[in-house]
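Read through the structure below, which is laid out as structure tokens, and then see the notes.
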Number of protein chains: 2
Amino acid sequence: MTLRQAEPYGRPEKRQAITRAARRVFGRDGYTRAGVDAIAAEAGVSKRTIYRHFTDKEQLFLTVALEGADEVTAAIAQIMDRHLHKIVDLEQDLIDFSLDRVAAVTAFPDHFALVRAIEAEAAHIPPPILQAWVAAGPQTGHLRLAPYLRRIAERGLLRIDDADDAAAHLTLLTVTDVNQQTFYGAIPLPQEEVTRLVTAGVRAFLRSYAASAG
Amino acid sequence: MTLRQAEPYGRPEKRQAITRAARRVFGRDGYTRAGVDAIAAEAGVSKRTIYRHFTDKEQLFLTVALEGADEVTAAIAQIMDRHLHKIVDLEQDLIDFSLDRVAAVTAFPDHFALVRAIEAEAAHIPPPILQAWVAAGPQTGHLRLAPYLRRIAERGLLRIDDADDAAAHLTLLTVTDVNQQTFYGAIPLPQEEVTRLVTAGVRAFLRSYAASAG
DNA sequence: TCCATTTGACACTGACTAGTGTACTTTGAC
DNA sequence: GTCAAAGTACACTAGTCAGTGTCAAATGGA
């Protein structure tokens, strides 16, 4: 199992149509249920073409997983910059940031449905590739969040020993909580409940990490 | 799709052999990959017998999911009682409690592998049954943890507004964190790292909820 | 226009799998 | 020992699906 095939093949727009369709179908049906024929139909492409671009169903899946991670990581980076660059009201800014981050799950439904599929397949994915995915996706999220928190701490608004731990804790108390309850968006949750969960999570985080305890 | 079949059929030990094997195979291979023949072989039972006890592969899966949840919920209840009944050193007791709770994942590997399978299948499981599972498993965990925290708060050791939120937050900061990183035990993590994560989580929880801030 | 690359249509193989039908054997209660 | 309930062995259907072979059609650059 190779990570990526070296030589590019075929027309890029075909390849993109395939990966897009694959992301959707893998996310909707899961790896095993997803049929290559269904992906071909969804992509408006011959099945034969898929096998000219990708050697394997497995390789297609892994390619899609890695490429999607990059995409979403970039989007999350933007959300961080929008909310955490300049802080006016820390609590409100963190709440807004977390709500936007949660909303990304619904903004990229195909990708996050795929995330569920990846987590389901974890035991069947070659460890190095799984680690590559974790590194490209979730881990990068933490690594990018940590510096923002550190900078906020330097301004005297937070008291932080380990910024990576703090980033992980903020994520757990907000995004992870919601994702777990909604199964990554598979089971909807009323927006007001999402807001409540995120608000409670941010408040708990601030009680734990705010420099000036009320 | 009925929740449980009313009339009991066949010898209970056969039925148990089937459900045990099903739990293991479903957990190992996931729902779609898991073959009924494989389950029959693992159970030391004729495939025909499986279909006399259960109408469907699907019904077998759902039965196993619900029964396993009950079992593990009971085990977790014991862990709570062991560590949270009388508190001597709150931080240490919470750490020990959380470590034991995390260890339950490796103590019931078949069940928690199945949990991953359930979460993977979430979108394909009839909502009422999925909710029944959530109620029997994860939710009950929270509901049972909350009273303990409330009692600890009444003794003046914690300051808690919403005990359910507090229970959820403690769980997120410890068990969920570890489970997410290990993919429910599929990818191992050194014990020292588990201890570090849990300790950091409990400390963050206590900074957020302890009555007397240091 | 020409030609090489790419793609499509489609039939096909081989393997696997859920579920059934049936005839035979085992088990355990009485 | 009898007998009915339960289980086994095994062949079989019918469907699905990953991946391939083949050849014709489309595409696009020179």
Side-chain angles (χ1 to χ4, degrees), chain A residues 1-2 5-65 114 117 120-121 124-126 129, chain B residues 1-2 5-65 117 120-121 124-126:
Chain A
M1 176 53 42
T2 50
Q5 47 192 3
E7 37 192 339
Y9 169 89
R11 308 190 212 284
E13 71 268 20
K14 293 285 172 184
R15 186 191 163 93
Q16 201 187 30
I18 293 169
T19 51
R20 262 214 253 277
R23 195 182 323 176
R24 184 154 38 198
V25 176
F26 279 134
R28 167 160 46 82
D29 298 339
Y31 176 77
T32 319
R33 278 184 158 89
V36 177
D37 292 279
I39 295 172
E42 181 92 17
V45 147
S46 155
K47 175 162 76 162
R48 206 68 187 76
T49 301
I50 292 185
Y51 281 102
R52 288 212 184 81
H53 283 262
F54 302 90
T55 67
D56 235 17
K57 185 185 175 186
E58 190 183 344
Q59 198 221 341
L60 174 58
F61 179 77
L62 298 172
T63 302
V64 167
L114 188 71
E121 288 297 317
H124 307 107
I125 297 178
I129 297 186
Chain B
M1 175 53 43
T2 51
Q5 46 193 1
E7 39 191 340
Y9 169 90
R11 307 189 214 286
E13 72 266 21
K14 291 286 171 182
R15 187 191 161 92
Q16 201 187 29
I18 294 169
T19 52
R20 264 215 251 277
R23 194 181 325 175
R24 183 154 37 197
V25 176
F26 279 133
R28 166 160 46 82
D29 299 339
Y31 176 77
T32 318
R33 279 184 159 90
V36 178
D37 291 280
I39 296 172
E42 181 94 16
V45 147
S46 155
K47 175 162 76 159
R48 207 67 187 75
T49 302
I50 292 185
Y51 281 100
R52 290 219 180 79
H53 281 262
F54 301 91
T55 68
D56 236 18
K57 185 185 175 186
E58 190 183 344
Q59 197 221 342
L60 174 58
F61 179 77
L62 298 173
T63 302
V64 168
E121 289 298 315
H124 307 107
I125 296 178

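Labels below follow one simple rule: chain letters A, B, ... track the order of the sequence lines, proteins then strands, and each chain is numbered from 1. On a predicted model such as this, the values are computed, not experimentally measured, just so you know.
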#### Entry: 5' priority, DNA chain C, between B:R33 and A:G10 [closest heavy atom]
A:G10
### Query
Do B:R52 side-chain and D:dT8 base share a donor-acceptor contact under 3.5 Å?
yes
Which heavy atom of [X] sits nearest to which heavy atom of [Y], and what is that distance?
X	Y	answer
B:Y9	B:H53	O-CE1, 3.3 Å
B:D29	B:A34	CB-N, 3.9 Å
A:A17	A:A43	O-CB, 3.5 Å
A:V64	A:A22	CG2-CB, 3.8 Å
A:I50	A:V36	CD1-O, 4.0 Å
A:A117	A:F26	CB-O, 4.0 Å

#### Entry: Pi-cation contact, A:Y31 with A:K57 (under 6.0 Å, within 45°)
yes
I need the [atom1]-[atom2] distance between [X] and [N], as an integer number of Å.
X	N	atom1	atom2	value
B:L60	C:dG19	CG	C1'	13 Å
A:E58	D:dC17	CD	P	18 Å
B:Q59	C:dA18	CD	C1'	15 Å
B:K14	C:dT25	NZ	C1'	13 Å
B:Y9	C:dT27	OH	C1'	13 Å
A:K57	D:dT16	NZ	C1'	11 Å

### Ion pair check, A:E42 and A:R28, cut-off under 4.0 Å
yes
### Message
Quick test of your reading of the model: are A:R33 and B:E121 salt-bridged, counting only N-O distances below 4.0 Å?
### Response
yes
### Short side-chain N/O contact from B:Y51 to OP1 or OP2 of D:dG7, under 4.0 Å
no
### Query
Are OP1 or OP2 of C:dT7 and a side-chain N or O of A:H53 less than 4.0 angstrom apart?
yes
### Query
What one-letter contact string describes nucleotides 25-30 of chain D from 5' to 3', where B marks a base within less than 4.0 Å of any protein heavy atom, S marks contact via sugar-phosphate atoms alone, and - marks no contact?
---S--
### Query
Which ones in residues 36-49 of chain B lie close to DNA chain D, meaning a heavy atom under 4.0 Å from one of its atoms?
B:G44, B:V45, B:S46, B:R48, B:T49
